[in-house]
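Residue numbers run from 1 in the order of the sequence given.
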Amino acid sequence: MILNTQIWQQTVSAAKVAASNNPQWLRAIERADLEIRRSRYWAFDGSTLTIQSTTSKKLYRVDGNHTCDAIANGHKACRHRAARQLMIRYTERLNAAPLPAKADAKIERATLITEITATWARKYPRESLADNLMARFRCNNLSMLNTDFLRRVQVVLAQ
């Protein structure tokens with residue numbers, strides 16, 4: 001799953017506001033945010049979060065009955081529980097977000113592909129876009145990438 005960064009940041013910000021009076025949960029939320037964004041592997045099925053720790057490389061399955069070293073040592077807040085709760089709230093926000101009209105989405109997608117192709121040609125005139133796509137994303141055509149990913153590519157090229 002690729003995160004919608006705007007909705008993710010809204011979710012994290014709302015959680016921090018809700019936990020502003022509880023330093024333990026605030027720290028757990030901050031660490032959970034980092035874990036989700038930096039973990040090499042995570043999956044969420046709507047109730048259980050499976051995530052590989054960025055520090056220990058352990059694989060955690062986090063559900064409503066989760067226990068880890070932090071919980072065993074008497075802490076009420078752990079980054080795994082916070083990450084699961086963030087994913088639940090993120091999914092709720094994501095499902096509630098209005099979908100763009102199909103025509104608008106197709107136009108946006110075509111525009112992104114055109115802009116990325118033009119920018120690439122200007123910035124890297126001697127490098128093949130298809131070869132670079134294959135090396136980085138295992139596809140050789142921008143149309144194979146989803147729209148959110150195309151937006152990210154556009155941002156990186158603009159820098």
Would you find a donor on one side and an acceptor on the other, under 3.5 Å apart, between the side chain of [X] and the backbone of [Y]?
| X | Y | result |
| --- | --- | --- |
| R84 | T48 | no |
| N132 | S128 | yes |
| N141 | M144 | no |
| Y90 | V12 | no |
| S13 | Q10 | no |
| R81 | H66 | yes |
| W25 | A82 | no |
| T147 | R109 | no |

Margin query: Using a 6.0 Å cut-off, check whether atom CZ of R37 has over 12 heavy atoms from anything other than its own residue.
Written below: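 Atom CZ in R37 is packed in, count exceeds 12.
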Note to self: Tell me whether Q24 at atom CD has more than 12 heavy atoms from other residues, nucleotides or ligands lying less than 6.0 Å away.
What the structure shows: yes
Drop me the distance from [X]'s [atom1] to [Y]'s [atom2], to the nearest 0.5 angstrom.
| X | Y | atom1 | atom2 | answer |
| --- | --- | --- | --- | --- |
| L59 | T50 | CG | OG1 | 6.0 Å |
| I51 | K58 | CD1 | NZ | 14.5 Å |
| N4 | R93 | CG | CZ | 11.0 Å |
| T119 | L129 | OG1 | CG | 10.5 Å |
| R38 | T55 | CZ | OG1 | 11.5 Å |
| L86 | L49 | CG | CG | 9.5 Å |

Notebook entry, point to check: Cluster question for you: counting only ILVMFWY and a side-chain heavy-atom cut-off of under 4.5 Å, with indirect links fine, are V153 and Y124 together?
Noted result: yes
Margin query: Please tell me whether L26 and W8 are part of a single hydrophobic cluster in this structure, the criterion being side-chain heavy atoms less than 4.5 Å apart.
Written below: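 Unlinked, L26 and W8 end up in two clusters.
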Notebook entry, point to check: Side chains of R152 and T5: does their closest heavy-atom pair fall under 4.5 Å?
Noted result: yes
Quick check: closest heavy atoms across [X] and [Y], and the distance to 0.1 Å?
| X | Y | answer |
| --- | --- | --- |
| A15 | I29 | O-CD1, 3.5 Å |
| E127 | W120 | O-NE1, 3.0 Å |
| Y41 | A43 | OH-CB, 3.5 Å |
| A28 | A77 | CB-CB, 4.0 Å |

Could you pull out every donor-acceptor pair under 3.5 Å between side chains of residues 110-117 and any protein atom, sequence neighbours left out?
residue	atom	partner	partner atom	Å
T111	OG1	I107	O	2.8
T114	OG1	A110	O	2.9
E115	OE1	Q154	NE2	2.3
T117	OG1	I113	O	2.7

Item checked: salt bridge (charged side-chain N to carboxylate O under 4.0 Å, His left out) involving R79 - partner list, sequence neighbours excluded ->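 Checked R79 against salt bridge (charged side-chain N to carboxylate O under 4.0 Å, His left out); matches are E35.
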Check: Taking the six-membered ring for Trp, is the centroid-to-centroid distance between F149 and F137 below 6.0 Å?
Finding: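 For F149 and F137, the ring centres are under 6.0 Å apart.
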